[in-house]
Structure formats: C-alpha cells, structure tokens
Visitor: 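Dumping the structure here so I can ask a few things about it.
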Amino acid sequence: MNISSKPLPQQIYKRNGSLQAFTQDKITSAILRAGTATGEVTAQQANELTRTILTELCQTFDKTIPHVEQVRGYGRNRAV
C-alpha cells in the first residue's frame, strides 16, 4: 500500500535493538487485537487507523528508520 508520495519505511528497530523488516500488517493486527479486546475498534476502523499512521510515518521517517515505540506512539495518539 503506497500511502503517500514518500515510500514506507523498509526496516524498523525492535525493542531489543535488532533491525527487522517493516511490516504494516503488524500495525493493523495490534490495533485490531486491542480494539477487539475493548470492543472499540472494528476491522475496517483498524485499517483506516493503519492508513493514517502510515501516512504520518512516511512523512516523518522518509530518510530514517523508526523504532517500534515511535510507531506505537502514533497509534496511541489516534485512539478511537
């Protein structure tokens, strides 16, 4: 999914400091798991939130590699 004119990050720093491939499905999955547990987010809403987060990530991290906690921060700021 190309969200903006800038590409998605290709890699991400994990909590343990390792560098791994960036996978947008993990963002959607995390949002959906949390939303399902609380009854606040549907699959469609999780996808919409993911698109919003990815758009912001493309703008912020166009030349740097994000850390997983930075990505989580975008999700927290977009809670439904």
Side-chain angles (χ1 to χ4, degrees):
M1 171 185 336
N2 189 7
I3 303 301
S4 73
S5 60
K6 297 183 180 186
L8 290 172
Q10 297 297 305
Q11 296 178 305
I12 189 167
Y13 286 107
K14 302 305 263 185
R15 285 186 190 96
N16 67 5
S18 67
L19 194 58
Q20 295 187 4
F22 180 86
T23 307
Q24 67 189 42
D25 293 339
K26 288 186 178 185
I27 296 172
T28 305
S29 176
I31 293 169
L32 189 55
R33 283 191 318 268
T36 299
T38 62
E40 296 175 331
V41 178
T42 65
Q44 181 178 349
Q45 289 170 320
N47 285 323
E48 291 169 9
L49 284 168
T50 300
R51 281 192 293 277
T52 300
I53 291 166
L54 292 175
T55 298
E56 292 185 28
L57 284 176
C58 289
Q59 300 301 316
T60 305
F61 297 100
D62 71 343
K63 294 198 175 25
T64 60
I65 300 171
H67 188 279
V68 70
E69 291 300 327
Q70 292 170 303
V71 176
R72 286 186 69 204
Y74 281 101
R76 285 188 197 113
N77 293 334
R78 306 297 169 272
V80 177

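Quick note: numbers below take in every heavy atom, side chains included, and nothing from hydrogens, waters or symmetry partners. For clarity, every value in this text was computed on a predicted model and none was experimentally measured.
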Visitor: State the CG-OG1 distance between Asn47 and Thr52, to the nearest 0.5 angstrom.
Guide: 11.0 Å
Visitor: Roughly how far apart are Ile27 CD1 and Ile53 CD1, rounded to 0.5 Å?
Guide: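 Taking CD1 in Ile27 and CD1 in Ile53, the distance rounds to 6.0 Å.
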Visitor: Hey, does Tyr13 have a side-chain heavy atom less than 4.5 Å from the side chain of Val71?
Guide: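 The answer is no, as the side chains (C-beta and beyond) never meet within the 4.5 Å cut-off.
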Visitor: Do any pairs count as a salt bridge (charged side-chain N to carboxylate O under 4.0 Å, His left out) and have a residue in residues 7-30, sequence neighbours left out, and if so which ones?
Guide: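 Checked against salt bridge (charged side-chain N to carboxylate O under 4.0 Å, His left out) - neighbours excluded - the pairs reaching residues 7-30 are Arg15-Glu69.
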Visitor: I need the minimum non-hydrogen distance between Gln70 and Ile65, along with the two atoms involved.
Guide: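 Smallest heavy-atom distance, with atoms named: OE1-O, 4.5 Å.
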Visitor: Give the minimum heavy-atom separation between Val41 and Leu32, together with the two atoms involved.
Guide: O-CD1, 4.2 Å
Visitor: Would you tell me whether Arg51 and Thr55 have side-chain atoms, one donor and one acceptor, within less than 3.5 Å of each other?
Guide: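 Not at all, the side chains of Arg51 and Thr55 share no donor-acceptor pair under 3.5 Å.
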Visitor: Hey, does the side chain of Gln10 reach the backbone of Leu8 with a donor-acceptor pair shorter than 3.5 angstrom?
Guide: yes
Visitor: Using every non-hydrogen atom in the two residues, find where Cys58 and Pro7 come nearest and quote the distance to one decimal.
Guide: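 Closest approach of Cys58 to Pro7: SG-O, 3.7 Å.
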Visitor: How far does OG1 of Thr50 sit from CD of Gln45, to the nearest 0.5 angstrom?
Guide: 11.5 Å
Visitor: When rounded to the nearest 0.5 angstrom, what distance separates OG1 in Thr28 from CG in Leu54?
Guide: 7.0 Å
Visitor: Rounded to the nearest 0.5 Å, how far apart are CG of Leu57 and CD1 of Ile12?
Guide: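 Answer rounded to 0.5 Å: 7.5 Å.
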